[in-house]
Structures are given as structure tokens and as C-alpha cells.
Amino acid sequence: MSRIQNAFTNKKAFIAFLTAGDPDFETSVKNFKAVIEAGADLIEVGIPFSDPIAEGPVIQEADIRALSSGMTTDKVFDLVAELRKESEVPIVLMTYANPVYHYGSERFFEKAAAAGADGIIIPDCPFEERHEFDEVAAAHGIDFISMIAPTSEDRIKTIASQARGFIYVVSSLGVTGVRSEIKTDLASILGLIKEAADTPAAIGFGISTPAQAEKMSKLADGVIVGSAMVRIVAEHGSEAPAKLAEYVKGMKAVL
């Protein structure tokens, strides 16, 4: 059983996203470790990028802070390797097509695998073009995580049937960010996914409160939280590790 599969075994998975290098490398490592120790079942490591088109202002600002502190793709791999020394929690990289192309796909996935990454999410890679990354990622043992959005419609079953690792279900149209209410008919989307595949499905985009997490966990196999956690980093600075741990424990308690 892979580390990603294990994250969903006999439980609802809490998936935590943070931007690597925010606000700097050393603090970022402490933040990720605090989240892992608090019980996150899987972590998403955001590779800072200057044009993150799927991200709202909270994560955009985190990317700017990380890049300003000197964060690079190589340092992201160093961060993953540092986390892997102490934990077997599954680690999924979140990035965009351009950084992978620029780095070189073969070299990127070779180094990601060597560091200990388990999967990758590329939001601006359409399902029909995934082969440009999927094949080389698979060759290095890395799952290319499929995303299903409310606009996927007739393609939902097709995407789900070919998914590996887990399926990232986008809760709402638009960019990442905290939402007071999620109105998408996620039950129908999850129903179609389950008809087509046994791959776990987790809901992300907009989840920030325990009440939202509990509601979404009744539909899906896991919940993904990003902007709310990145905001804690921005607001609490050196005290962020303790605040993040407290937040994760609160979210885990309702799953």
C-alpha cells in the first residue's frame, strides 16, 4: 500500500496545504513539522510561483513572501527531504506547468522522488494533456493527482476512472480562498466519481471551519485546507507552528 492510499485507510483524511518557504525556509520547515505532528494525514507542499493562476490573494501573497526569501524549486526538494527524515506522512507537491517545464520534467520528477514526494498536483494542466507529465511522474513512482471541478460535467467519470493517488474535488468555481458557504452540488459529483472509481476523493477550495470540514467529510474521503492555514502563517509569524497545530487538531476532531 502506498503512503497516499494509507492516508485514507479506515478514516477520513485531513489534508493540509502550506506554501514552501513561507515566510522563510527554516520557519516553513517548523510549520510543516507542527502540522504533521498535530495529525495531518497528508500534506500538500506548494512550490512558490510568480503567476499562480488558481490561487486567491492569501496564497499569492505567501508565494511572494517565499520567493522574496530566496525559495527555489531545489530548496523545496530540500524541504521535502527534511520532512521525510522524520515522517512517513504522504507528501504531494502543488505546482504549475511552467516551473516543471522550466526545470525539466525528467529532472524534476527524479529529484522529487529522491526527496520523498508521493504525488503532484498541477492545476493548470488539463486532463487531456496530463500525459506530458503523468508518464514521467509514474516512471518515478509519483502519482499525478487528477482534479475534478464543477465544470467537468460529462468528463467526471472519465477523469475518475484514470485517477491515481486521490482525486482532488474542487468545491467551487474561482480561485482558492476561504468561503462562507459552498453551494456546489458536491453530492452528485461524488456520486459520479464513486460509480467510476475506487480512488479516494477529497474536497478542497474554501473549507476553513470545523463545521464545513465535518459536512464535507460526510460526502468525501477527505478534506483539503489551504488558505485558512496559510493565513495563520501570515498572521502569527514565529508563533505559527503552535497555532497551526491547534488548528489541525480542531479540524481532525470533527472528521
Indicate the ring-plane relationship of Phe133 and Tyr101, choosing parallel, tilted or perpendicular according to the 30° and 60° boundaries.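 The arrangement is tilted - the two ring planes meet at 30° to 60°.
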For [X], all residues meeting ring-ring contact (aromatic ring centres under 6.0 Å, His included), sequence neighbours excluded:
{"X": "Phe49", "answer": "Tyr96"}
{"X": "Tyr247", "answer": "none"}
{"X": "Phe166", "answer": "Phe8"}
{"X": "Phe127", "answer": "none"}

Leu79/Met71 under side chain to side chain contact (heavy atoms under 4.5 Å, CB included): CA gap, chis, key distance, verdict: CA-CA 10 Å; Leu79 185 150; Met71 200 63 182; 4.3 Å; yes
Tell me whether [X] contacts the main-chain N or O of [Y] through its side chain, where contact means a donor paired with an acceptor under 3.5 Å.
{"X": "Ser87", "Y": "Leu83", "answer": "no"}
{"X": "Ser171", "Y": "Gly204", "answer": "yes"}
{"X": "Gln5", "Y": "Ser2", "answer": "yes"}

To the closest 0.5 Å, what do you measure between [atom1] ([X]) and [atom2] ([Y])?
{"X": "Glu214", "Y": "Gln212", "atom1": "CD", "atom2": "CD", "result": "11.5 Å"}
{"X": "Ile36", "Y": "Leu244", "atom1": "CD1", "atom2": "CG", "result": "11.5 Å"}
{"X": "Thr209", "Y": "Met216", "atom1": "OG1", "atom2": "CE", "result": "9.5 Å"}
{"X": "Ser146", "Y": "Gln162", "atom1": "OG", "atom2": "CD", "result": "8.0 Å"}
{"X": "Ser208", "Y": "Met229", "atom1": "OG", "atom2": "CE", "result": "12.0 Å"}

Which one of Thr73, Val76, Ile142, Ile145 satisfies the side-chain contact (heavy atoms from CB on, under 4.5 Å) criterion with Leu93?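 That would be Val76; it is the only one of Thr73, Val76, Ile142, Ile145 passing the side-chain contact (heavy atoms from CB on, under 4.5 Å) with Leu93.
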Under 4.5 Å between side-chain heavy atoms, counting indirect links through other Ile/Leu/Val/Met/Phe/Trp/Tyr residues: same cluster for Ile64 and Ile47 or not?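 Result: no, two separate clusters.
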When you group the ILVMFWY residues by side-chain heavy-atom contacts below 4.5 Å and let the links chain together, are Leu190 and Leu255 in the same group?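 Hydrophobic grouping puts Leu255 with Leu190.
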Testing the 3.5 Å rule here: is there a donor-acceptor pair between the side chains of Ser188 and Asp185?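 Their side chains do contain a donor-acceptor pair, which is all the 3.5 Å distance test asks for.
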Does anything in residues 54-89 pair up under ring-ring contact (aromatic ring centres under 6.0 Å, His included), and if so which pairs, sequence neighbours excluded?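 Matches after skipping sequence neighbours: Phe77-Tyr103, Phe77-Phe108.
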Phe144 vs Cys125, side chain to side chain contact (heavy atoms under 4.5 Å, CB included): CA-CA, chis, key distance, verdict: CA-CA 11 Å; Phe144 186 90; Cys125 178; 4.0 Å; yes
If we only count heavy atoms from C-beta on, is the [X] to [Y] side-chain gap below 4.5 Å?
{"X": "Ile15", "Y": "Val223", "result": "no"}
{"X": "Val230", "Y": "Phe17", "result": "yes"}
{"X": "Ile224", "Y": "Glu44", "result": "yes"}
{"X": "Val233", "Y": "Leu18", "result": "yes"}
{"X": "Phe205", "Y": "Ser227", "result": "no"}
{"X": "Ile156", "Y": "Thr158", "result": "no"}
{"X": "Ile189", "Y": "Val169", "result": "yes"}

Write down the atom of [X], the atom of [Y], and the distance for their closest heavy-atom approach.
{"X": "Pro123", "Y": "Met94", "value": "CG-SD, 3.6 Å"}
{"X": "Ala66", "Y": "Ala20", "value": "CB-O, 3.4 Å"}
{"X": "Asn31", "Y": "Pro23", "value": "ND2-CD, 4.5 Å"}
{"X": "Pro210", "Y": "Val254", "value": "O-CG2, 3.5 Å"}
{"X": "Ala16", "Y": "Val35", "value": "CB-CG1, 3.6 Å"}
{"X": "Leu67", "Y": "Ser50", "value": "CD1-N, 3.9 Å"}

List in chain and number order the residues that pass side-chain hydrogen bond (donor to acceptor under 3.5 Å, both in side chains) with Glu135, two or more places apart in sequence or in another chain; answer none if no residue qualifies.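 Counting only residues at least two positions away or on another chain, Glu135 forms no side-chain hydrogen bond (donor to acceptor under 3.5 Å, both in side chains).
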Can you tell me which residue pairs pass the salt bridge (charged side-chain N to carboxylate O under 4.0 Å, His left out) test with a partner in [range], sequence neighbours excluded?
{"range": "residues 236-253", "answer": "Asp41-Lys252"}
{"range": "residues 159-168", "answer": "Asp134-Arg164, Asp143-Arg164"}
{"range": "residues 13-36", "answer": "Asp22-Arg65, Lys33-Glu82, Lys33-Glu86"}
{"range": "residues 103-112", "answer": "Asp74-Lys111"}

When the side chains of residues 192-203 are checked against the rest of the protein, which donor-acceptor pairs come out under 3.5 Å, sequence neighbours left out?
unit_1	atom_1	unit_2	atom_2	d
Lys194	NZ	Asp221	OD2	2.4
Glu195	OE1	Lys157	NZ	2.8

Got a list of side-chain donor-acceptor pairs under 3.5 Å for residues 114-122, not counting sequence neighbours?
unit_1	atom_1	unit_2	atom_2	d
Asp118	OD1	Arg3	NE	2.8
Asp118	OD1	Arg3	NH2	3.0
Asp118	OD2	Arg3	NE	3.3
Asp118	OD2	Arg84	NH2	3.0
Asp118	OD2	Ile91	N	2.8

Apply the test side chain to side chain contact (heavy atoms under 4.5 Å, CB included) to residues Thr95 and Val100: give CA-CA distance (whole Å), side-chain angles for both, the deciding distance (0.1 Å), then the verdict. CA-CA 8 Å; Thr95 187; Val100 181; 3.8 Å; yes
